[in-house]
Amino acid sequence: MPRHFLRDDDLSPAEQNEILNLADSFAGDRSYARPLEGPRSVAVIFDKPSTRTRVSFSVGIAELGGYPLVIDSGSTQMGRGESIEDTTRVLERMVSAIVWRTFEQSAMEAMAGVSSVPVVNALTDDFHPCQLLADLQAVRQHKGRLAGLTMTYLGDAANNLAHSYLLAGTTAGMHVRIAGPPHHLPRADIVADAERIAAGTGGSLMVTSNAVEAFTRADVLATDTWVSMGQEDEAAQRQQLFGAYSIDSAAMSLAADDAVVLHCLPAYRGKEIAADVIDGPQSIVWDEAEDRLHSQKALLTWLLRQG
Ligand code: CP
Ligand code: NVA
């Protein structure tokens with residue numbers, strides 16, 4: 001059975017660390033390994049829009065010696081109702097891995113359930129685990145470590161990023177704080193999973209609606225758009241609801257003096273993050289975006305090595 005990467009806690013702490021080390025090797029030498037030499041192909045399928053994920057997987061697969069087969073599902077038979085299982089059974093005969101951005105986590109699991117090649121979650125409604133590999137790589141590059149650091153994510157605390165910060169951060173032994181308005185907090189089962197992980201890694205977690213409590217002395221501040229893909233109809237209501245949960249200069253003054261700021265992008269300045277913060281000296285968002293490339297090359301290399 002191949003290894004898949006469907007959610008952040010599919011990797012043990014040791015495996016996550018191994019992939020981050022490999023990611024640093026790719027950052028130092030973009031030709032560090034070329035496991036797709038041939039070229040072997042990787043399908044990268046999008047049911048939702050993307051800039052960074054599309055470009056970083058396309059460039060990364062090419063730099064691994066492979067051929068990136070980038071597919072917008074609306075132009076395929078998937079868009080006309082062909083089943084995930086049948087699509088997967090055809091793809092696996094021709095490609096070495098499948099990377100997919102879609103809506104439901106259960107669909108991702110259905111694909112992995114029948115696939116003989118690794119399946120990688122490039123964002124679902126529930127998780128964005130590839131983003132968190134890049135985030136952790138960027139934090140480690142700037143701070144020299146992960147374990148023991150306090151990482152606060154705030155805004156839409158019920159979305160895919162919130163869930164991935166919980167799982168990936170506790171896997172790395174970090175103290176993860178998630179803040180958002182009541183009724184927009186992480187799913188209870190994912191909080192329970194993060195608590196179990198933290199117990200084994202020395203990390204911890206806090207889920208709160210008190211933004212001041214979440215910001216105070218944090219080493220890493222992270223946020224995301226308040227309106228995720230598919231929620232466009234709720235935009236006005238969400239902007240009201242999340243207004244008190246943004247990273248601005250007041251938030252920065254509560255955090256550690258040397259705190260770094262993450263945003264997965266795309267960013268909406270003046271909403272979830274102030275312009276002077278994202279464009280300021282503590283922002284590491286452009287390194288974070290570049291690290292999508294290195295960390296996903298590392299992930300694919302590692303998954304292919306697992307047989
Ligand atoms: N951060 C991120 O996944 O960006 P894209 O939606 O542009 O891929
Ligand atoms: N939460 C956002 C992340 C975008 C990269 C979304 O799902 O649209």
Side-chain angles (χ1 to χ4, degrees), residues 5-8 23 42-61 68 70-74 99-108 120-139 153-169 178-181 184-187 190 221-235 237-239 241-242 245-247 261-269 271-273 278 283-297 299-300:
F5 189 49
L6 309 185
R7 40 184 280 169
D8 308 80
V42 174
V44 188
I45 309 170
F46 290 96
D47 294 355
K48 293 180 178 179
S50 167
T51 299
R52 280 143 289 272
T53 306
R54 184 184 299 261
V55 174
S56 56
F57 271 111
S58 302
V59 172
I61 290 161
V70 180
I71 302 166
D72 281 314
S73 64
V99 177
W100 189 20
R101 168 169 288 193
T102 191
F103 293 84
E104 291 173 8
Q105 185 71 14
S106 58
M108 189 70 60
V120 172
N121 178 353
L123 182 147
T124 59
D125 293 343
D126 292 348
F127 302 103
H128 195 0
C130 290
Q131 181 67 52
L132 260 289
L133 288 178
D135 286 29
L136 295 182
Q137 184 182 11
V139 170
Y153 166 88
L154 92 170
D156 182 0
N159 77 2
N160 40 19
L161 265 294
H163 293 151
S164 280
Y165 277 106
L166 271 176
L167 296 181
I178 304 289
H184 289 270
L185 294 171
R187 241 170 52 196
I190 298 169
L221 303 180
T223 190
D224 180 22
T225 178
W226 294 335
V227 185
S228 284
M229 292 178 275
Q231 298 175 332
E232 289 76 8
D233 291 349
E234 303 166 28
Q237 180 196 344
R238 285 178 158 269
Q239 266 140 31
L241 193 63
F242 296 116
Y245 298 88
S246 66
I247 305 185
V261 175
L262 297 170
H263 192 309
C264 65
L265 306 172
Y268 300 91
R269 288 169 175 76
K271 296 201 164 67
E272 75 275 6
I273 193 160
I278 192 169
S283 167
I284 60 168
V285 303
W286 312 115
D287 291 339
E288 177 189 7
E290 178 185 325
D291 287 340
R292 294 293 304 276
L293 173 69
H294 309 308
S295 58
Q296 288 162 189
K297 286 168 73 180
L299 174 71
L300 287 174

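Order of appearance sets the numbers: ligands from 1, and atoms from 1 within every ligand. These values consider heavy atoms only, across backbone and side chains, with no hydrogens, waters or symmetry-generated copies. Everything numeric in this text was worked out from a predicted model, so none of it was measured.
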**Fill in**
For N159, the atoms of ligand 2 under 4.0 Å from one of its heavy atoms are 1 (N)
**Asked** Relative to ligand 2, is D125 under 4.0 angstrom through side chain, backbone, both or neither, heavy atoms considered?
**Response** neither
Tell me, please, which residues at least two apart from [X] pass side-chain hydrogen bond (donor to acceptor under 3.5 Å, both in side chains).
| X | value |
| --- | --- |
| Q137 | D24 |
| D135 | Q131, Y165 |
| T225 | none |

**Residues in contact with ligand 1, criterion: heavy atom under 4.0 Å** = S50, T51, R52, T53, R101, H128, Q131, C264, L265, R292
**Within the 6.0 Å centroid threshold, strictly below: H184 and F242** = yes
**Fill in**
Residue, atom and distance of the protein heavy atom nearest atom 8 (O) of ligand 2 read M229 N, 2.8 Å
Any side-chain to backbone donor/acceptor pair from [X] onto [Y]? Under 3.5 Å, distance only.
| X | Y | answer |
| --- | --- | --- |
| H163 | I190 | no |
| N159 | L161 | yes |
| T124 | Q105 | no |

**Request:** May I ask you to check whether S228 has an N/O atom sitting below 3.5 Å from an N/O atom of ligand 2?
**Result:** yes
**Request:** Indicate yes or no: does an N/O atom of N160 lie under 3.5 Å from an N/O atom of ligand 2?
**Result:** yes
**Item:** Pair D233 + R238, salt bridge at N-O below 4.0 Å
**Value:** no
**Message:** Taking atom CD as the centre, does E104 end up with more than 12 heavy-atom neighbours from other residues, nucleotides or ligands that are less than 6.0 angstrom away?
**Reply:** no
**Prompt:** If hydrogens are left out, which of D224, D156, V227 has an atom nearest to atom 1 (N) of ligand 2, that is, the closest non-hydrogen atom?
**Reply:** D224
